[in-house]
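Keep in mind that the numbers below use all heavy atoms, side chains included, and drop hydrogens, waters and symmetry copies. From a predicted model like this one, the values you see are computed outputs, not experimental measurements. Within every chain, numbering begins at 1; the chains are lettered A, B, ... in the order of the sequence lines, protein sequences first and strands thereafter.
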There are 2 protein chains.
Amino acid sequence: MSVKISMKDVAKEAGVSVSTVSRVLNNGKYVTDETKNKVNTAVKKLNYRPNVIARGLRTQKTNSVGLILPDITNEFFGKLAKSIEEKLNEHNINLLLCNSNENPKIEKNYIEALLDKSVDGLIFISSGFDENLDLFPEDLPVVVIDRRPSADRNIYFISSENKKGGYLATKHLIENGCRDILMLKDEKLVSPMNERLLGYQAALRDYNIDFRPEYIIKSKIDLKEIKEKILKIHNKIKFDGIFAGADRLAIGAIRTLSKLGYQIPADIQIVGFDNIPFAKYYNPSITTIAQQIDKIGHKSAELIIELINNKNMGQADSFYFPVYLIKRESTT
Amino acid sequence: MSVKISMKDVAKEAGVSVSTVSRVLNNGKYVTDETKNKVNTAVKKLNYRPNVIARGLRTQKTNSVGLILPDITNEFFGKLAKSIEEKLNEHNINLLLCNSNENPKIEKNYIEALLDKSVDGLIFISSGFDENLDLFPEDLPVVVIDRRPSADRNIYFISSENKKGGYLATKHLIENGCRDILMLKDEKLVSPMNERLLGYQAALRDYNIDFRPEYIIKSKIDLKEIKEKILKIHNKIKFDGIFAGADRLAIGAIRTLSKLGYQIPADIQIVGFDNIPFAKYYNPSITTIAQQIDKIGHKSAELIIELINNKNMGQADSFYFPVYLIKRESTT
DNA sequence: TTGAAAGCGCTAACAG
DNA sequence: CTGTTAGCGCTTTCAA
């Protein structure tokens, strides 16, 4: 079975020329039903499958899209990847997935590899090193998600209403009686977390609570590191509420504080961000800000497809998806 | 910048022929250092990058490997994908990732798409529908992970010592005093869970405890479904220990039982499987059987590379990686 | 050591 | 409506 069948074989079998076979396979315009049948029969009989490499060489299209993201094991990116892939698959577009591991060097290699592979478009979640954006050719369809490029590039961007999320979380804590509210965030300079921080600050301001920089706790989004940070500050700073910029941070915090003897939410209330599946099943379950990951993923896929089919869409747009608070046991 | 540079341009710039350029780029054999220099200079100057599509058409190699797995948002598969990708990346091989979503139909489409793309090899985690294995051409390098194909195919297979894991978990519970031990497993007929079940049964036998089929609780690996199952049986069946075939199942069970008022581990002890990152940070932290996912991933990648480079490796092997128990708070 | 030329499998003018 | 032909960019004989 392993002998490769080409269009030539089909053409011979059907008694027509290769171009006719090609026509039938591609759109069927200008072909009699009879020839069409002959060709289709031959295709079936020989079990012919077009060689997409050859087609790609000729058409300069590969029907593939690259996705570069920082870490597939992070449930946010994992779900995003899944929903993007789902949508692309509906359109018979393949996804080339690349983990940059938050490493600009690896990210650069991947961008180049994907360009070499002639992907039709690129969906990009930055590791935070904006210079890599310069690697994209002008005419390559690109959609950036989640982490906004700081430079004033004319680029499509999709994310959640992060600032609003930070505001909602903080407001919820304040209205529940918290006055000394920590924020847990990552260390990135440019990231959705900074928007969340802005929301946090805005809420404090609206409720006439002073913002204190030492209440911002920075940590990688890593259970172990956040544990160490909490241990380090819990008896130096007095606090009755925590806005964690990611559910992972919330989990690390809850676990650590519980071990220290604090009651959640009686002593300390906590709000997370992302609504990862475990948030609902943690002990206690975690109040969190939900992002509509599926919508973001599907929109990205749809947008990249649109850009591929119609490269001149003019001024690039940004899209921000709504977030909402889900009340659970970690707040009163 | 967006004008595509081809070998022709480089040849012209360097004042040599395309075949010489090709030689320099590929191995540099039979070329004077002088010509080599001229070519390399031209390559740099023009910022030339070879067109991998054209090369693929010519050489029938694509330097890419397909990975089909059931669900990237499952942390086990996510980590696996990451470690596979890592290793392949070291060898400049690209990974085409496909989510079958546990759906044989989608899986079939992906297999065909990957074959069409002329991937050099395929790493495969089955959705459980063995017929799809028949789609692989005889001469395609294939490595199957985790879910063993039932048929007697001559195929490379890699997984953990699942039976031993089930044994260790159950033994631990028994030695901690449990006598009525539930096992939580998925509903798949062919899967690592069945090996784990065998280990569970073996341990019961070794300790002279009767195996009772009604103590096997079947559920999708889904927090919500396991919750429903637990609610349904907790006052029908008396039990003092649970071996959960996956940490997700353990989490669903712990959460549900806690809400019902049971103390973990005082009333009921629980052992999970996989050692997902959250296992350590759950409340209570979860005793679990750890798989060496990185080793499995790296081995798969190395193996597929070997198979690609040397297709006739004769009789296919199987590899089983050790597992071990990590003691945490969910058992005494 | 180098160059000319064929051809991988396909699509897209162009001619008929 | 169909066939002939050129050529996408590269590698690989073959001849020089």
Side-chain angles (χ1 to χ4, degrees), chain A residues 2-43 46-64 92 113 115-120 137, chain B residues 2-43 46-64 92 113 115-120 137:
Chain A
S2 232
V3 194
K4 265 295 179 188
I5 311 272
S6 79
M7 253 174 65
K8 225 194 240 169
D9 304 308
V10 178
K12 197 195 285 177
E13 173 73 28
V16 297
S17 74
V18 277
S19 42
T20 300
V21 176
S22 174
R23 264 184 225 108
V24 174
L25 261 41
N26 287 309
N27 50 41
K29 223 31 189 159
Y30 307 121
V31 192
T32 26
D33 286 351
E34 197 196 328
T35 357
K36 235 182 266 188
N37 281 335
K38 278 195 292 186
V39 170
N40 286 137
T41 313
V43 164
L46 299 179
N47 207 351
Y48 168 72
R49 309 223 78 201
N51 179 323
V52 300
I53 309 261
R55 183 181 280 169
L57 179 59
R58 181 63 229 237
T59 59
Q60 310 288 8
K61 283 202 52 175
T62 55
N63 282 313
S64 63
N92 289 311
L115 293 177
D116 286 351
K117 289 235 158 198
S118 304
V119 289
D120 298 335
Chain B
S2 229
V3 194
K4 264 294 177 190
I5 314 266
S6 78
M7 255 174 63
K8 223 195 241 165
D9 304 308
V10 178
K12 198 195 283 176
E13 175 71 30
V16 297
S17 74
V18 276
S19 34
T20 300
V21 176
S22 174
R23 263 183 225 108
V24 173
L25 262 41
N26 286 312
N27 49 41
K29 225 28 189 160
Y30 307 122
V31 192
T32 25
D33 285 352
E34 198 195 330
T35 357
K36 237 183 260 185
N37 280 335
K38 280 195 291 188
V39 170
N40 287 136
T41 314
V43 164
L46 299 179
N47 207 351
Y48 168 73
R49 310 222 79 202
N51 179 323
V52 300
I53 308 262
R55 183 179 282 171
L57 179 59
R58 184 58 228 238
T59 60
Q60 309 288 7
K61 282 202 51 172
T62 55
N63 282 313
S64 62
N92 289 312
L115 294 177
D116 287 351
K117 289 234 159 201
S118 306
V119 290
D120 298 334

| note | Taking every heavy atom of Leu25(A) against every heavy atom of Tyr48(A), the minimum-distance pair comes out as CD2-CE2, 3.5 Å
| Got a second to check how far Leu57(B)'s CG is from Arg58(A)'s CZ, nearest 0.5 Å? | 12.5 Å
| Approximate separation, where rounding is to 0.5 Å, of Asp120(A) CG and Lys61(A) NZ | 5.0 Å
| said: With heavy atoms of chain B within less than 4.0 Å as the criterion, where does contact along DNA chain C begin and end? | reply: dT1(C) to dG9(C)
| task | Take the C1' atoms of the five end pairs on each side of the helix from dT1(C)-dA16(D) to dG16(C)-dC1(D), get both axes, and report the angle to 10 degrees. | result | 40°
| query | What is the 5' to 3' range of DNA chain D, first to last nucleotide, that sits under 4.0 Å from any heavy atom of chain A? | reply | dC1(D) to dG9(D)
| query | Do any of residues 5-21 of chain A sit with a heavy atom less than 4.0 Å from DNA chain C, and if so which? | reply | Ser6(A), Met7(A), Ser19(A)
| request: List for me each residue that meets side chain to side chain donor-acceptor pair (under 3.5 Å) alongside Thr32(A), sequence neighbours excluded, and say none if there are none. | output: Thr35(A)
| Can you name the salt bridge (charged side-chain N to carboxylate O under 4.0 Å, His left out) partners of Lys36(B), sequence neighbours left out? | Asp33(B)
| message | If the condition is side chain to side chain donor-acceptor pair (under 3.5 Å), which residues does Ser64(A) pass it with, not counting sequence neighbours? | response | Thr62(A)
| query | What are the residues of residues 53-63 of chain B, sorted by number, that bring a heavy atom to within less than 4.0 Å of DNA chain C? | reply | Leu57(B), Arg58(B), Gln60(B)
| Got a second to check how far Met7(B)'s CE is from Thr20(B)'s OG1, nearest 0.5 Å? | 8.5 Å
| said: Using side chain to side chain contact (heavy atoms under 4.5 Å, CB included), reason through Val24(A) and Asn40(A) one step at a time and then give a plain yes or no. | reply: CA-CA 8 Å; Val24(A) 174; Asn40(A) 286 137; 3.9 Å; yes
| note | Applying salt bridge (charged side-chain N to carboxylate O under 4.0 Å, His left out) to Asp9(A) and not counting sequence neighbours gives none
| query | In Å, rounded to the nearest 0.5 Å, how long is the span from OG of Ser17(B) to NZ of Lys8(B)? | reply | 13.0 Å
| query | What residues in residues 30-40 of chain A put a non-hydrogen atom under 4.0 Å from any atom of DNA chain D? | reply | Tyr30(A), Val31(A), Thr32(A), Thr35(A)
| request: Only counting residues at least two apart or in another chain, list the ones meeting side chain to side chain donor-acceptor pair (under 3.5 Å) with Asn26(B). | output: Ser22(B)
Mind listing the side-chain donor-acceptor pairs of residues 49-56 of chain A below 3.5 Å, one per line with the distance, residues two or more places apart or on another chain?
residue, atom, partner, partner atom, Å
Arg49(A), NH1, Asp116(B), OD1, 3.3
Arg49(A), NH1, Asp116(B), OD2, 3.1
Asn51(A), OD1, Ile53(A), N, 2.8
Asn51(A), OD1, Ala54(A), N, 2.9

| remark: Which of Val16(A), Val43(A), Val10(A) passes side-chain contact (heavy atoms from CB on, under 4.5 Å) with Lys38(A)? It is Val16(A)
| note | On a heavy-atom basis, the closest approach of Val21(B) and Ala11(B) is CG2-CA, 3.7 Å
| message | If I compare all heavy atoms of Val31(B) with all of Arg23(B), which pair ends up nearest, and what's the gap? | response | CG2-CB, 4.1 Å
